[in-house]
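Report on the structure given below.
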Amino acid sequence: MLKPVTTDIESLKILDDRLRWLSAWTIHHANHIRTSADGLKVGGHQASCASMTSIMAALYFHALGPNDRVAVKPHAGPVLHAIHYLLGTQSREALENFRGFGGAQSYPSRTKDRIPVDFSTGSVGLGVAITAFSSLIQDYLTAHGRMDEADRGRFVALIGDAELDEGNIYEALIEGAKHDVRNLWWIVDYNRQSLDATSADRMFERFDEIFRSCGWRVVELRYGKRLKAALDANPNLRGWFEQLSNAELSALHYQGGEALRKRIGADLGKSSAAFLKTHDDPALAGLFSDLGGHCMESLVEAFDAARDDVPTLFMAWTIKGYGLPFAGHKDNHAGLMNPTQMSAWREAMGVAEGNEWEPLESVGDNARPGVEALIDKSRIAREKRSRAFGQIEIPALPVPSGEEQSTQAAFGRILLEIAKAGGSLADRIVTTSPDVTVSTNLGAWVNQRGLFRREAVDDIFAKQKIASAQKWSAGNTGQHIELGIAENNLFLMLAAAGLAGDMYGARLAPIGTLYDPFIARGLDALNYACYQDARLLLVSTPSGITLGPEGGAHQSINPPLIALGQPGLRHYEPAYADELAAMMELAFRLIDDPHGESSYLRLSTRSVRQLEREDDSWQEGALKGGYWLRAPAPGSEAAIVAMGAVMPEALAAWEELRDDIPGLGLLSVTSPDLLHRGWTAAQAARWAGRREPSHIEQLLSPLGRNAGLVTIADAAPASLSWIGGVLGQRVAPLGVERFGQTGSLPDLYAAYRLDGNAITEAVAELLLPA
Ligand SMILES: Cc1ncc(C[n+]2csc(CCOP(=O)(O)OP(=O)(O)O)c2C)c(N)n1
Ligand SMILES: [Mg+2]
């Protein structure tokens, strides 16, 4: 007799099993079957995957629409690959090469995986929070007429319960509440286990309260249908179950039916006899494993009931390692089934030896049509979206006039001119700042272009005719997104805006401003933006001890070194307004170029006398990382190499020394980052047979072989001192190595050896015979 055709729920349960099998097998194959070239443990997280295959089956084969975007918990990456394997969009070869060179990545990666990955994940917490900012960007794009209503989607984050400890999640929660964020589903795989241990009981239900108080709907999926029915019928049993600590419950899941029977009998005595009699050990284990996050009916119902745009937190109770031999064991985070366990589990899953990679292995003939239909019906995007570039017309940017000006002031004025002139670039720029809009000189831009708010908000001060330089109306055409003081949020907002072209086909030119020292505060989020190849312009100001009276807590030292080591981010440190204009123009081009990258401009509040240029020949070098402000004579025995705000000291020292040291050069470095990259790239190219000296090699080559270089920057001296290694020239590095303090510039420059005296002494020392 033919069995009845399977329902969608039954098919989803089969898909859940397939995902659990394929994810565990992918990891097993990489660790136990693929030959190892180096003897290193490959790793992977079978338990973390098994914990959420039901949730992901319900999402990807039922709930998600084509415009929805998902940030998958990093260590559930293999489940995402298994989903695409079932859809036919991931290859067996990539799975066999999981965690291998060119294979499926350990954690979902937008840029490296061949399947469409909406958000890279890896550093826990960031993937969660970026969904909130992406949702805001979706609202921004629709409000600005750059995206059709029909293309809007929901943003889903799949979260580990221990991930909820990451503070950046709450920073995003607060910012999201301020902006009335919507279309978010955050789904917690509430397996109550982290990497090291079981989760703290004291946080039980606290998360719900936190989210509710921020206006979220919280849906708790604690029990599956069967377990709920059993507990409803046995109030004693419910009481017993609910008082178990996380650790006790996990231990019982691990120990299984026999242990459950003993424990229930011991704790509840005679009152549990009837219940225990009707459940054998496997039935007990099965029943108590029927938590909400493993119950397909409950998941589907919950997702179907939350289709409005209210941000929703789902607390889906699960068992870490569900269905695997180490289910519930507190040490199972990186646990791998050994070959014997795998073999037994393979049998239990109905997978024939040799057929491990068969996508629908173990699915019976009767069930197959239903399962195949669900796979076909899955509405998620199957192909990577094309990355929209080349959308912005970028004009030559005006150089602000003024004999004396700071790069920070020039930045504000350039943006103001762009805003006033209007056009493609002006309309694509979106600015954002963590409560330092005014003090980083974005105020005039915001006066012109307004704050972005979905609902118009009056400027009460303007209405009351109270004088203020900041006339900030807010509405859905505004182009500045205000943020509270949370630098993680700044970088996540920039990341989301910087992916607008990739995600929604509408390239934006995002500019974020903050004080230079506070880059460190959001550094992982900045790295995260770069890792995903989001395109943005970061403007940090003020910087260095040149900030003067503000003192050591605000005087940045190491950001140029951070930038030197940060892929995907180009650091420029201009000394003059005309350099800044050229760098901003290029930064916008790099945002809109498939081969571009993000830029970081480190600016200063120090007003300096501008140069009278004879021509534009400086420009090419300035954009490549450096140019001779005072060219050296051939064979010159010394040069000053200076960057940014201390250029006046370098120029003055050059004037003073030029008679004593004929041919002395002054090299203006605008980007140690680009110079260093060029140097190593030229080296690599030489090994590949191409001989083209790098920009820094060309710059230094006129100097004598044994020339001495005095490098100086308002930053860690290592930012420039490496330049001596390029041609093997001697270096005296000047810069800041101790925390700054309050003071006037002459006092500070003297104390930290950034003044003319220091340069003169350093040059003299280099020129002394050894
Ligand atoms: C920022 C950061 N810190 C530490 C880690 C290492 N790490 C990866 S997963 C994990 C524990 C996660 O537990 P949970 O979120 O509950 O996920 P589960 O595997 O239990 O689903 C840790 C500490 C990381 N990936 N990112
Ligand atoms: Mg967990």
Side-chain angles (χ1 to χ4, degrees), residues 407 514-521 523 526 540-566 569 571-575 600-606 608 625-626 638-653 666-673 675-676 679 696 708-726 729-766 768:
T407 47
L514 85 169
Y515 298 174
D516 199 49
F518 305 135
I519 287 178
R521 186 69 174 252
L523 195 51
L526 170 61
S540 74
T541 174
S543 61
I545 64 167
T546 302
L547 175 56
E550 282 276 309
H554 278 42
Q555 293 164 338
S556 63
I557 296 172
N558 63 6
L561 291 181
I562 290 174
L564 202 53
Q566 178 63 56
L569 186 72
H571 165 214
Y572 280 125
E573 190 148 341
Y600 153 50
L601 301 177
R602 186 172 187 253
L603 307 186
S604 166
T605 41
R606 182 185 191 192
V608 299
I640 301 168
V641 179
M643 175 165 79
V646 292
M647 205 57 74
E649 280 60 37
L651 271 170
L666 169 54
L667 181 66
S668 168
V669 170
T670 50
S671 175
D673 179 24
L675 292 181
H676 198 284
W679 179 37
I696 185 64
L709 307 176
V710 174
T711 63
I712 178 164
D714 183 356
S719 313
L720 297 179
S721 61
W722 61 269
I723 287 176
V726 175
Q729 288 152 338
R730 287 163 309 126
V731 170
L734 300 176
V736 182
E737 282 175 305
R738 292 169 287 128
F739 287 115
Q741 55 190 296
T742 54
S744 67
L745 278 195
D747 288 344
L748 290 171
Y749 281 0
Y752 289 81
R753 289 180 45 81
L754 290 182
D755 62 358
N757 278 346
I759 297 174
T760 311
E761 284 164 18
V763 171
E765 193 175 284
L766 281 172
L768 284 178

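Neither side chain, Ser543 nor Asp516, offers a donor N or O lying under 3.5 Å from an acceptor on the other.
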Show the numbers, then the answer: is there a side-chain contact (heavy atoms from CB on, under 4.5 Å) between Val736 and Leu754?
CA-CA 8 Å; Val736 182; Leu754 290 182; 3.9 Å; yes
Test side-chain contact (heavy atoms from CB on, under 4.5 Å) applied to Arg730 and Leu709, step by step
CA-CA 6 Å; Arg730 287 163 309 126; Leu709 307 176; over 6 Å; no
Check the pair Ser556, Tyr515 against side-chain hydrogen bond (donor to acceptor under 3.5 Å, both in side chains), reporting the backbone distance first and the verdict last.
CA-CA 9 Å; Ser556 63; Tyr515 298 174; over 6 Å; no
Test side-chain hydrogen bond (donor to acceptor under 3.5 Å, both in side chains) on Thr760 and Asn757 and set out the steps.
CA-CA 5 Å; Thr760 311; Asn757 278 346; 5.2 Å; no
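Using a 4.5 Å cut-off on side-chain heavy atoms (C-beta onward), Ile640 and Leu667 make no contact. Side chains of Ile723 and Val669 form a contact here, defined as non-hydrogen atoms less than 4.5 Å apart. Within the 4.5 Å cutoff, no side-chain heavy atoms of Tyr572 are placed close to those of Arg602. Using a 4.5 Å heavy-atom threshold, the side chains of Met643 and Ser668 count as separate. Counting heavy atoms from C-beta outward, Tyr600 and Gln566 have side chains that stay 4.5 Å or more apart.
With hydrogens and angles disregarded, a donor-acceptor distance shorter than 3.5 Å links the side chain of Thr670 to the backbone of Gly625. Listed for the Thr711 side chain is no donor-acceptor partner under 3.5 Å among the backbone atoms of Val641. Side chain of Asp714 to main chain of Ala645: no donor-acceptor pair is present (N/O by atom type, distance under 3.5 Å, no hydrogens or angles). Checked by atom type and distance alone, the side chain of Glu550 never pairs as donor or acceptor with a backbone atom of Gln555 at under 3.5 Å.
Stacking of Arg738 on the aromatic ring of Tyr752 is recorded, both the 6.0 Å distance cut-off and the 45° axial limit being met.
Leu561 and Ser719 get closest at one heavy-atom pair: CD2-N, 3.6 Å. The two residues Glu649 and Asp755 make their nearest non-hydrogen contact at CG-CA, 4.0 Å.
Put simply, CG on Leu766 and CD on Glu761 are 12.0 Å apart, with the number rounded to the nearest 0.5 Å. Taking CD1 of Ile545 as the reference point, atom OG of Ser604 lies at 11.0 Å (rounded to 0.5 Å).
Each of Thr742, Asp747, Leu748 was evaluated against Ser744; a single residue qualifies, Asp747, per the side chain to side chain contact (heavy atoms under 4.5 Å, CB included) test.
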